[in-house]
Visitor: 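Here it is, the structure, as structure tokens.
Atoms within a ligand are numbered from 1 in the order they appear, just like the ligands themselves.
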Amino acid sequence: MTRNMTITEVRLTPILVADPPLLNTQGVHQPYTPRLIVEVVTADGISGFGETYGDGKYLELARPFADRLVGRQVTDLNGLFTVADEVAVDAARVDNQVDVGGLRGVQTADKLRLSVVSAFEVACLDALGKALGLPVHALLGGKVRDAVEYSAYLFYKWADHPGGVACEKDDWGAAVDPAGVVEQARRFTERYGFTSFKLKGGVFPPDEEIAAVRALAEAFPGHPLRLDPNGAWSVETSLKVADALSDVLEYLEDPALGTAAMADVSLRTDVPLATNMCVTTFAEIKEAFARDAVQVVLSDHHYWGGLRNTQQLAAVCRTFGVGVSMHSNTHLGISLAAMTHVASTVPDLHHACDSHYPWQSEDVLTRRLAFEGGKVAVSDAPGLGVEVDRARLEFLHRRWLDDDGSLRDRDDAAAMRVADPGWVAPAVPRW
Ligand code: GKR
Ligand code: MG
């Protein structure tokens with residue numbers, strides 16, 4: 001049978017999804033977070049879906065990108081990068097050195113483009129897989145494991161969003177001290193079976209975060225533990241924390257900001273350092289690896305430019321004896337499916353991947369993905385193996401349409417100012 005895999009239509013649906021009041025060094029998550037759902041439709045009427053950041057700067061790129069895709073083939077994955085090169089980035093969007101909302105390092109035009117490419121690449125792979133009757137992992141060369149392990153992503157959090165705003169209420173309660181963090185971890189294990197834990201730090205003075213990790217180590221002896229302050233500490237503070245937790249940490253993630261500072265820390269500690277902030281593009285790899293600044297790179301298909309680039313990153317890491325793990329930002333089930341497919345194909349994945357998914361009570365899927373024993377089973381169904389609930393998608397899009405604009409760009413510092421009007425995102429190093 002001849003298939004027509006020409007892209008005849010591309011639909012972009014920006015949405016707002018409920019997000020709990022999770023704390024990080026920049027502030028607190030807003031009650032709703034923007035995401036963009038990308039749908040490519042082929043001449044045969046097959047739809048493929050992808051998901052990425054939904055802030056204005058991504059939408060501005062996604063629209064001209066989508067227009068250029070019509071008439072191309074879903075098989076032309078390399079061509080997506082050519083299309084990306086043609087899409088201009090507003091210079092004003094990339095002058096900030098640290099991406100406040102994403103906490104993921106220096107923001108460049110290329111990085112913005114790649115974050116958009118990733119959603120289209122995933123959508124094309126989903127459509128291609130459905131057309132061929134093959135799962136996405138098969139299009140990537142085939143899975144080497146049947147399930148992908150994820151870590152419990154622990155956050156300091158408040159019970160409610162500040163300011164009494166009307167929004168979805170979560171049932172996790174507050175976690176602002178070691179006991180609260182341990183209780184949150186317990187609930188993660190009970191609900192999802194996670195056995196490895198990551199605490200988002202950079203929120204409280206380092207001694208308090210050391211105490212929280214110590215409490216986790218006591219409550220879950222022998223389990224892999226990570227702490228990630230998103231570059232909030234000086235080199236000296238990073239070394240102090242590394243020293244205090246050296247016997248319990250699997251790795252310390254971005255204790256200090258940038259390759260130079262990470263290299264300084266790395267030189268003076270045996271605790272492995274991981275990053276999703278100083279190695280976020282291929283161009284940043286050479287210096288970081290040459291200086292032995294990091295021992296683990298957290299891939300993220302959203303900002304590395306898709307699933308195949310993630311495989312390439314893993315190959316480079318393997319070549320240099322650097323480990324691979326996976327970073328996550330707020331995301332829904334389409335992205336979790338994509339993360340799981342690509343992670344299933346990476347041979348040397350020895351760390352549990354991060355996922356914010358348990359924090360999202362809303363989704364655009366008819367059936368949410370499940371964690372069992374801390375793992376997501378790798379689907380063998382065609383494409384990503386997920387089905388989009390169009391009514392849910394429309395509902396979440398309606399919320400985006402109805403928003404007065406205040407939530408369409410993620411801004412954790414603005415959310416924090418509701419509780420603390422004088423708050424400005426702290427300069428780094430904070431401690
Ligand atoms: O969602 O608050 C958050 C995280 O801090 C996120 O923005 C980071 O990008 O989770 C991420 C990380 O590992 O750095
Ligand atoms: Mg991180």
Visitor: If the cut-off is 4.0 Å to any non-hydrogen atom of His29, which atoms of ligand 1 fall inside it?
Guide: 1 (O), 2 (O), 3 (C)
Visitor: For ligand 1, which atoms have a heavy atom of Arg410 less than 4.0 angstrom away?
Guide: 1 (O), 2 (O), 3 (C), 7 (O)
Visitor: State, to 0.1 Å, how close Gln295 and Val322 come at their nearest heavy-atom pair, and which atoms those are.
Guide: O-CG1, 3.5 Å
Visitor: For ligand 1, is there an N or O atom under 3.5 Å from any N or O atom of Asp354?
Guide: no
Visitor: Can you tell which part of His327 has a heavy atom less than 4.0 Å from ligand 1: side chain, backbone, both or neither?
Guide: side chain
Visitor: Does Glu253 reach ligand 1, in the sense of a heavy atom lying below 4.0 Å from it?
Guide: yes
Visitor: For the Mg ion (ligand 2), give me the closest N/O/S atom belonging to Asp228, just the atom name.
Guide: OD2
Visitor: Which atoms of ligand 1 have any heavy atom of Asn230 under 4.0 Å away?
Guide: 5 (O), 12 (C), 14 (O)
Visitor: Taking only Lys NZ, Arg NE, NH1 and NH2, and the carboxylate oxygens of Asp or Glu, determine whether Arg226 and Glu253 approach each other closer than 4.0 Å.
Guide: no
Visitor: For Ala212 and Val181, work out which heavy atoms get closest and say how close.
Guide: CB-CG2, 4.4 Å
Visitor: Would Asn276 count as a contact for the Mg ion (ligand 2), in the sense that one of its N, O or S atoms lies under 2.8 Å from it?
Guide: yes
Visitor: How close do Leu16 and Glu362 get, heavy atom to heavy atom, and via which atoms?
Guide: O-OE1, 4.3 Å
Visitor: Can you name the N/O/S atom of Glu253 that is nearest the Mg ion (ligand 2)?
Guide: OE2
Visitor: Report the distance from atom CG of Leu396 to atom CD1 of Ile37, rounding to the nearest 0.5 Å.
Guide: 8.5 Å
Visitor: Would you mind reporting whether Phe65 and Glu86 have side-chain heavy atoms less than 4.5 Å apart?
Guide: no
Visitor: Hey, which of His331, Arg410, His302 is the one that makes side chain to side chain contact (heavy atoms under 4.5 Å, CB included) with Tyr53?
Guide: His302
Visitor: Find all atoms of ligand 1 within a distance of less than 4.0 Å from any non-hydrogen atom belonging to Lys198, and give their numbers and elements.
Guide: 12 (C), 13 (O)
Visitor: So for Asn276, does at least one of its heavy atoms come nearer than 4.0 angstrom to any atom of ligand 1?
Guide: yes
Visitor: What are the atoms of ligand 1, with element, lying closer than 4.0 Å to any heavy atom of Tyr153?
Guide: 4 (C), 10 (O), 11 (C), 12 (C), 13 (O)
Visitor: What's the shortest heavy-atom distance between Ala242 and Val271, and which atoms?
Guide: O-CG2, 3.6 Å
Visitor: Any nitrogen or oxygen of Asp412, side chain or backbone, less than 3.5 Å from one on ligand 1?
Guide: no
Visitor: For the ring pair Phe395 and Trp400, is the centre-to-centre distance below 6.0 Å?
Guide: no
Visitor: Could you list the atoms of ligand 1 found under 4.0 angstrom from a heavy atom of Ser328?
Guide: 10 (O), 11 (C)
Visitor: Shortest non-hydrogen contact from Tyr251 to Ala274?
Guide: CD1-CB, 3.4 Å
Visitor: Rounded to the nearest 0.5 Å, what separation is found between the OH atom of Tyr303 and the CG atom of Asp110?
Guide: 15.0 Å
Visitor: If you count the atoms of ligand 1 from 1 in the order shown, which ones are under 4.0 Å from a heavy atom of Asp228?
Guide: 12 (C), 13 (O), 14 (O)
Visitor: Counting each atom of ligand 1 from 1 as listed, which ones have a heavy atom of Phe155 under 4.0 Å away?
Guide: 1 (O), 2 (O), 3 (C)
Visitor: Hey, is Thr330 one of the residues with a heavy atom under 4.0 angstrom from ligand 1?
Guide: no
